Visitor: 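Quick one: the structure is below, and I'll ask about it shortly.
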Amino acid sequence: MKKILLLLLVISPNFAFAQTYIEKKVDGYTFKVIEYDLSSPDYEIKIVKSDDATNLWNLLKQNNAITGVNGVFFCPTDYSWCNTNKSFTDNERYIEGQKYATYLTTWDRAVFAWDKNKKPFIYQSGKINMDYESEIYYWFWNYPLLLNEGKNMLAEYWEKWLIDGKMKVKGTRNFICSDEKKEHIYFGLIYDATLEEATSALKNFWCYDALNLDAGLSTVFMYNNRYLVGPQKRDILDAVVIERKWLDISEISRIGTSLANVLLQDVEKRSKKSLEKSELYLTRYMDALEGVRKKAYEKYTTEIYEVNIVWEQDKVGYRIESPSLKHLKLITAVNEVFENLKNVRIEIREKISQEQQTKELLEITK
């Protein structure tokens with residue numbers, strides 16, 4: 001652990017404002033967002049999919065990506081009205097110019113897309129940029145459309161009774177959007193907001209064109225190979241992700257898994273098969289990794305301040321810029337180790353809980 005920390009400390013930062021993590025308050029709502037610079041030569045933004053539902057970590061690894069959030073609405077196997085033993089969706093995608101679709105028209109759904117030159121735009125059959133479909137390189141097809149050219153688009157969905165009960169109550173909202181100058185794409189989460197409230201807040205969060213994405217039990221978010229939200233028990237079918245060029249995530253996975261195995265062997269040796277001690281030692285290693293991660297990000301983290309009504313500055317959040325490639329390799333490797341240890345700790349805690357329940361049951365039946 002000390003060697004890893006030393007390596008992280010001696011690397012000088014090389015800032016690249018390409019996939020910035022932003023956490024801030026806007027209109028009283030908390031945002032956790034990735035800001036992607038569309039001019040970046042080092043990072044690629046993509047939409048990825050799987051024919052079989054899987055977790056976001058697998059989707060990232062399958063596509064050499066390090067950051068991502070879940071995508072469109074779909075019918076999961078736990079929805080009885082879907083009547084399916086395999087998750088599926090009719091909310092289609094374009095991936096590298098290839099259309100994966102069931103229907104010819106978008107109907108009341110809308111599309112957030114970008115062309116081969118990474119220029120973002122909204123498309124909707126017969127309504128918005130009708131002649132632009134041939135320009136699409138990547139897209140998500142979902143509903144409702146939240147903003148188009150800065151205009152709140154929810155009124156039409158209200159008129160057609162397409163705003164369901166889940167959208168009317170406060171909750172976590174997932175979105176993708178672009179700014180007016182089409183220099184950035186943003187994606188991520190807004191907390192404790194109705195869909196109407198989220199749309200208003202998005203407009204004040206630099207969004208000009210914005211599309212609603214799936215949330216609820218599908219909500220999952222990873223940044224630099226680490227879960228910020230999730231994983232959930234419900235697997236997903238697609239995601240918007242970011243890949244760092246010249247970073248081999250399979251190599252990071254191999255190194256991280258090997259380091260995790262070394263630590264797990266040490267935990268097993270120290271704990272002498274005691275679940276409680278195993279949890280204790282795992283937590284200590286995970287806390288140490290948290291410390292390494294925190295130290296690694298210090299040089300790349302800045303606080304966000306805004307002037308209030310009495311002309312004083314309030315802290316409203318912070319942002320983490322993109323590390324250098326060398327630094328990013330270390331961060332993603334540390335996160336790989338952390339996630340492996342976390343998975344084992346979850347299993348151990350479940351076993352401890354089961355043992356406790358069994359003991360309580362035996363006490364009751366005595």
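Because the structure is a prediction, the values reported are computed rather than measured.
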Visitor: Among F140, Y138, Y137, exactly one meets ring-ring contact (aromatic ring centres under 6.0 Å, His included) together with W114. Which residue is that?
Guide: Y138
Visitor: Just wondering, are more than 12 heavy atoms of other shown residues or ligands nearer than 6.0 Å to CG in N83?
Guide: no
Visitor: Is it true that atom NZ of K99 has more than 12 heavy atoms of other residues, nucleotides or ligands lying nearer than 6.0 Å?
Guide: yes
Visitor: side-chain contact (heavy atoms from CB on, under 4.5 Å) with V220: which of I236, L189, V229?
Guide: I236
Visitor: Using side chain to side chain donor-acceptor pair (under 3.5 Å) as the criterion, list what pairs up with T30, not counting sequence neighbours.
Guide: K25
Visitor: For E156 and K160: C-alpha separation, side-chain torsions, deciding distance, then whether salt bridge (Lys or Arg N to Asp or Glu O under 4.0 Å) applies.
Guide: CA-CA 6 Å; E156 183 177 337; K160 295 183 178 181; 3.2 Å; yes
Visitor: Checking Q356 now: which residues fulfil side chain to side chain donor-acceptor pair (under 3.5 Å) with it, not counting sequence neighbours?
Guide: E360
Visitor: Side-chain heavy atoms nearer than 4.5 Å, only ILVMFWY residues, links allowed to pass through others: does that put L147 and L162 together?
Guide: yes
Visitor: Is V69 reachable from V26 through a run of I, L, V, M, F, W or Y residues, each pair having side-chain heavy atoms under 4.5 Å apart?
Guide: yes
Visitor: Kindly indicate whether a cation-pi arrangement holds for K32 with Y21, taking the cut-offs as under 6.0 Å to the six-membered ring centre and within 45° of the axis.
Guide: no
Visitor: According to salt bridge (charged side-chain N to carboxylate O under 4.0 Å, His left out), does anything in residues 207-219 pair up with another residue at least two apart or in another chain? List the pairs.
Guide: K182-D209
Visitor: Got a sec, which residues hit ring pair (Phe, Tyr, Trp, His ring centres under 6.0 Å) with W161, two or more places apart in sequence or on another chain?
Guide: none
Visitor: According to the disulfide bond (SG atoms under 2.5 Å apart) rule, which pairs have a member within residues 42-109, sequence neighbours left out?
Guide: C75-C82
Visitor: Any salt bridge between E298 and K294, counting N to O under 4.0 Å?
Guide: no
Visitor: Looking at every non-hydrogen atom in both residues, tell me the closest pair between T89 and L237 and how far apart they are.
Guide: N-CD1, 4.0 Å
Visitor: Taking ring pair (Phe, Tyr, Trp, His ring centres under 6.0 Å) as the test, write out the residues that go with Y79, two or more places apart.
Guide: W81
Visitor: Going by atom types alone, do S39 and D37 pair a side-chain donor with an acceptor below 3.5 Å?
Guide: yes
Visitor: May I ask you to test the L282-V344 pair for a side-chain heavy-atom distance under 4.5 Å?
Guide: yes
Visitor: Whether E96 and K46 form a salt bridge (side-chain N of Lys/Arg under 4.0 Å from carboxylate O of Asp/Glu) is what I want to check.
Guide: no
Visitor: When rounded to the nearest 0.5 angstrom, what distance separates OH in Y300 from OG in S322?
Guide: 9.5 Å
Visitor: Between N174 and N70, is any pair of side-chain heavy atoms under 4.5 Å apart?
Guide: yes
Visitor: Got more than 12 heavy atoms from elsewhere within 6.0 Å of NZ, K127?
Guide: yes
Visitor: Tell me, yes or no, whether the heavy-atom count around K245 atom NZ, taken from other residues, nucleotides or ligands under 6.0 Å, exceeds 12.
Guide: yes
Visitor: Check whether the side chains of D52 and S50 place a donor and an acceptor atom closer than 3.5 Å, and report yes or no.
Guide: no
Visitor: For N225 and W57, test the side chains for any donor-to-acceptor distance below 3.5 angstrom and give the result as yes or no.
Guide: yes
Visitor: Indicate yes or no for a side-chain donor-acceptor contact from N55 to the backbone of N58 under 3.5 Å, with no hydrogens or angles considered.
Guide: yes
Visitor: Could you tell me whether the side chain of N91 and the main chain of V72 form a donor-acceptor pair under 3.5 Å?
Guide: no
Visitor: Output yes when a side-chain donor or acceptor of Y223 lies under 3.5 Å from a complementary backbone atom of V33, and no otherwise.
Guide: no
Visitor: Is the side chain of N152 donor-acceptor paired with the backbone N or O of L154 at a distance under 3.5 Å, no angle test?
Guide: yes
Visitor: Linking directly or through intermediates, with side-chain heavy atoms under 4.5 Å: list the remaining ILVMFWY members grouped with W141, chain and number order.
Guide: Y94, Y103, W107, V111, F121, Y123, Y132, I136, W139
Visitor: Hey, any chance L56 and F338 share a hydrophobic cluster, counting ILVMFWY side chains that come within less than 4.5 Å of each other, even indirectly?
Guide: no
Visitor: Step by step, work out the salt bridge (Lys or Arg N to Asp or Glu O under 4.0 Å) result for K24 and E306.
Guide: CA-CA 11 Å; K24 68 175 292 191; E306 290 182 355; 3.0 Å; yes
Visitor: Which heavy atom of L341 sits nearest to which heavy atom of A260, and what is that distance?
Guide: CD2-O, 4.1 Å
Visitor: In terms of side-chain geometry, is the basic nitrogen of K277 or E279 positioned less than 4.0 Å from the acidic oxygen of its partner?
Guide: no
Visitor: Please list all pairs meeting salt bridge (charged side-chain N to carboxylate O under 4.0 Å, His left out) that have one or both residues in residues 250-265, counting only residues at least two apart or in different chains.
Guide: E251-R254
Visitor: Please determine whether a side-chain nitrogen of the Lys or Arg among E268 and K273 lies less than 4.0 Å from a carboxylate oxygen of the Asp or Glu.
Guide: no
Visitor: Do Y285 and D266 have a side chain donor and acceptor closer than 3.5 Å?
Guide: yes
Visitor: Given salt bridge (Lys or Arg N to Asp or Glu O under 4.0 Å), test E321 with R319 step by step and report yes or no.
Guide: CA-CA 6 Å; E321 307 294 353; R319 57 193 293 134; 2.9 Å; yes
Visitor: Given side chains that start at C-beta, do those of T219 and Q232 come closer than 4.5 Å, heavy atoms only?
Guide: yes
Visitor: Salt-bridged, E350 to R345, with N to O below 4.0 Å?
Guide: no
Visitor: Under the side-chain hydrogen bond (donor to acceptor under 3.5 Å, both in side chains) test against Y36, which residue among Q19, E44, E183, K118 passes?
Guide: K118
Visitor: What's the verdict on side chain to side chain contact (heavy atoms under 4.5 Å, CB included) for I190 and T172, showing C-alpha distance, side-chain angles and the deciding distance?
Guide: CA-CA 6 Å; I190 313 169; T172 302; over 6 Å; no
Visitor: Go through the side-chain N and O atoms of T106 and Q124 and say whether any donor and acceptor fall under 3.5 Å apart.
Guide: no
Visitor: With no hydrogens and no angle check, just 3.5 Å: does a side-chain donor-acceptor pair link Y297 and N224?
Guide: yes
Visitor: Using the ring pair (Phe, Tyr, Trp, His ring centres under 6.0 Å) criterion, which residues pair with F73? Sequence neighbours excluded.
Guide: Y143
Visitor: If we count only N and O atoms by modelled type, under 3.5 Å, do the side chains of E92 and Y100 hold a donor and an acceptor together?
Guide: no
Visitor: Has K170 got more than 12 heavy atoms of other residues, nucleotides or ligands less than 6.0 Å from its NZ?
Guide: yes
Visitor: Is the backbone N or O of T257 less than 3.5 Å from a side-chain atom of N261, with the two atoms forming a donor-acceptor pair by type?
Guide: yes
Visitor: Go through the side-chain N and O atoms of N212 and R173 and say whether any donor and acceptor fall under 3.5 Å apart.
Guide: no
Visitor: When you check the gap from the basic side-chain N to the acidic O, do K168 and E196 get nearer than 4.0 Å?
Guide: no
Visitor: Quick test of your reading: applying salt bridge (charged side-chain N to carboxylate O under 4.0 Å, His left out), list the pairs with at least one residue in residues 221-241, sequence neighbours left out, ordered by first then second residue.
Guide: D78-R234, R93-D238, R226-E290
Visitor: With ring pair (Phe, Tyr, Trp, His ring centres under 6.0 Å) as the rule and sequence neighbours excluded, what pairs involving residues 189-214 come up?
Guide: F31-F205, Y186-F205, Y186-W206
Visitor: Would you list the pairs meeting disulfide bond (SG atoms under 2.5 Å apart) in which at least one residue belongs to residues 184-228, sequence neighbours left out?
Guide: C177-C207
